[in-house]
Protein chains: 2
Amino acid sequence: MRRKTLHKRALTVESGEAGSKGEQTRSLILETALKMFGERGYEETTMRAIAEMAGVAPGATYYHFRSKEHLIQAYYERMHEIHAESCAEVLKKERALKDRLLGVMGQILKDMAPYHQFAGVLFKTAADPQSPLNPFSPESEPARRASIELFADVVRGAKAKIPPDLGAELPALLWLYHMGVVLFWIHDDSSGQHRTRRLMEHTVEIVVRLIQLASLSPMRPLRKTVLKMLADLRE
Amino acid sequence: MRRKTLHKRALTVESGEAGSKGEQTRSLILETALKMFGERGYEETTMRAIAEMAGVAPGATYYHFRSKEHLIQAYYERMHEIHAESCAEVLKKERALKDRLLGVMGQILKDMAPYHQFAGVLFKTAADPQSPLNPFSPESEPARRASIELFADVVRGAKAKIPPDLGAELPALLWLYHMGVVLFWIHDDSSGQHRTRRLMEHTVEIVVRLIQLASLSPMRPLRKTVLKMLADLRE
DNA sequence: TCGGATAATTGAACGTGTTCAAATTTTTCT
DNA sequence: AGAAAAATTTGAACACGTTCAATTATCCGA
């Protein structure tokens, strides 16, 4: 609600950009919050404490961020930018489908590592079907689309022979697979999440072999059945 | 903490059973809470309101239930009992693997239908890796085990030819599949969740065909790879 | 049946995330 | 530069889930 005003201002006149006073406090609050979450954990960090440390009244935080959970969304967005960048490197180097997928998944796990502690909280929020942070929600469609695009890149640049019908759905399917791995990662408290790494390496191998298998002509009927279902669900 | 006393009492002496005063208020609070959740939703139902409607002080609720979320766990347990019962019927009738799986999944969806509204809240809580309600947590291992046992029953009673190595892991895999369908169901706000029904019917078909496929001898290497991974992850 | 022990219940109080009307600062326009 | 408008900031207050010391009801053995 309040933010709407901010948006309008940013559209009608220029200002509201990085330099302006408001945007300055916004960053200050955000950086403070992220730092404190990192040091003491999410639940243990009070909105009052964040405000105090940022030298600001509690209410100010709510002017810039809709809720405490929305502060966490900042992590999310930051993480996404990092992914896109670090994966681009990998995709420039590798040509085999398996290596591309392995590289991308490896990068994603590496990028996420520092945030493992908050992932639980983020996930708890994101799991709520009502939440805009939910990866399946309409609000996060742009982010989801971008994320799927990353896997489209993985497929596109690979020199594997994939039937067009499968190729069209593959990015979304790989994204779903990637969500599964992340789900495992969130619950993985082995040191350095090495269990997730093992799972990922094994499953990438399996996924690639399944793709090869599905591309064979005797598999056409089953493949068509699966693709029909996906099309059907999309309405 | 407080509950420990209750448990000890229930073990050392008898009493604390259905008749006793304490157990009476416990049910009263629980029934009131479930009814109010049903009428107004979870977030909108206040602990104070529950207590007041039950004719009890707010503190009393916390003597019998550790938290508001633990009141929801009651739904969970209740649902599980219903599943076990209604699925038993289906499993007595059907012999083909596909029909057994279809029947069980259908029953589960039917049983859950009245609770669709709260499923989101339950899921939000259950998604927290810290939560005892999390289906992957140690605390819910008994429930998980029982649930997997249901799918073991599905496999056991079927007259499909399944290699022993796959047969051993299949119940857990089917349980995982079932969790996926439930995840979809939670996010499904189509009328009567008919999209989930469609998804379920299609995917059961696919799952069964995959099982048949995996049982073929040319698939032995891939099958072994998958099963190795599962064994590996179990430590 | 009585009295001690245990279980159950109370309700005020705490700390939390959050809201909001009022005050203040910043920006915009003439 | 100055005044009007808009954005920002304040901090007291609210409602909530929850805790806990004190109180009352219930149970059980002698």
Side-chain angles (χ1 to χ4, degrees), chain A residues 1-30 32-33 36-37 40-52 54-72 121 124-125 131, chain B residues 1-30 32-33 36-37 40-52 54-72 121 124-125 131:
Chain A
M1 314 285 100
R2 246 29 184 284
R3 281 252 81 199
K4 205 176 282 175
T5 329
L6 241 79
H7 283 313
K8 196 194 287 175
R9 184 198 49 163
L11 286 170
T12 48
V13 211
E14 91 301 23
S15 108
E17 300 311 85
S20 84
K21 190 71 198 314
E23 218 54 29
Q24 241 171 280
T25 359
R26 199 189 125 92
S27 319
L28 176 61
I29 290 169
L30 181 55
T32 307
M36 293 183 75
F37 288 160
R40 298 176 214 184
Y42 178 76
E43 308 275 10
E44 289 69 29
T45 305
T46 289
M47 288 301 263
R48 284 172 179 78
I50 294 171
E52 190 180 0
V56 126
T61 308
Y62 285 90
Y63 179 75
H64 292 286
F65 299 92
R66 214 176 309 188
S67 72
K68 190 182 180 186
E69 284 171 348
H70 275 77
L71 277 168
I72 281 232
V121 185
K124 186 186 159 139
T125 307
S131 167
Chain B
M1 317 280 102
R2 240 44 177 275
R3 278 250 84 198
K4 204 175 281 174
T5 330
L6 242 82
H7 284 311
K8 195 195 284 175
R9 183 196 53 161
L11 287 170
T12 49
V13 212
E14 90 298 27
S15 110
E17 299 313 87
S20 83
K21 190 72 198 314
E23 219 52 29
Q24 243 171 280
T25 11
R26 198 188 126 93
S27 319
L28 175 60
I29 291 169
L30 181 56
T32 308
M36 292 183 76
F37 288 159
R40 299 176 214 184
Y42 178 76
E43 307 275 10
E44 289 69 31
T45 305
T46 289
M47 289 300 264
R48 286 172 177 81
I50 294 171
E52 189 181 0
V56 125
T61 308
Y62 285 89
Y63 180 76
H64 294 287
F65 300 92
R66 215 176 308 188
S67 72
K68 190 182 181 186
E69 284 172 348
H70 275 78
L71 277 168
I72 281 231
V121 186
K124 185 185 158 142
T125 307
S131 168

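Here is how names work: the chains are called A, B, and so on, in the same order as the sequence lines, proteins then strands, and each is numbered from 1.
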Closest heavy-atom pair and its distance - [X], [Y]:
X     : Y     : answer
B/S67 : B/M47 : C-CE, 4.4 Å
B/T45 : B/G41 : OG1-O, 2.6 Å
A/H64 : A/G22 : CE1-O, 3.3 Å

At under 4.0 Å between heavy atoms, what does A/T45 touch on the DNA or RNA strands: base, sugar-phosphate, or nothing?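 The answer is sugar-phosphate, as A/T45 gets under 4.0 Å only of primed atoms, P, OP1 or OP2.
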What nucleotide, of [options], holds the atom closest to the side chain of [X]?
X     : options                : value
A/V56 : D/dT10, C/dT18, D/dG17 : D/dT10
B/T25 : D/dT9, C/dA8, C/dG17   : C/dA8
A/S67 : C/dT18, D/dT18, D/dC16 : C/dT18

Kindly say if [X] contacts the phosphate of [N], meaning a side-chain N or O under 4.0 Å from OP1 or OP2.
X     : N      : value
A/H64 : D/dA7  : no
A/Y63 : D/dT9  : no
A/Y62 : C/dT19 : no

Rounded distance (Å) that lies between atom [atom2] of [N] and atom [atom1] of [X]:
X     : N      : atom1 : atom2 : result
A/M47 : D/dT10 : CE    : P     : 14 Å
B/L28 : C/dT9  : CG    : C1'   : 13 Å
A/I50 : D/dG11 : CD1   : P     : 18 Å
B/E43 : D/dA15 : CD    : C1'   : 13 Å
B/I29 : C/dT10 : CD1   : C1'   : 12 Å
A/E69 : C/dT16 : CD    : P     : 17 Å
B/R40 : D/dC16 : CZ    : P     : 11 Å
A/F37 : C/dG17 : CZ    : C1'   : 12 Å

With rounding to the nearest 0.5 Å, note down the distance linking [atom1] in [X] to [atom2] in [Y].
X     : Y     : atom1 : atom2 : value
A/E69 : A/Y42 : CD    : OH    : 4.5 Å
B/T61 : B/L30 : OG1   : CG    : 11.0 Å
A/I50 : A/L28 : CD1   : CG    : 11.5 Å

Measure from NZ or CZ of B/K68 to the centre of the six-membered ring of B/F37, then state whether that distance is under 6.0 Å and the direction lies within 45° of the axis.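 Because its charged atom misses either the 6.0 Å distance or the 45° angle limit, B/K68 does not stack over B/F37.
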With 3.5 Å as the limit, what N/O pairs link the protein to nucleotides 11-14 of chain C?
none

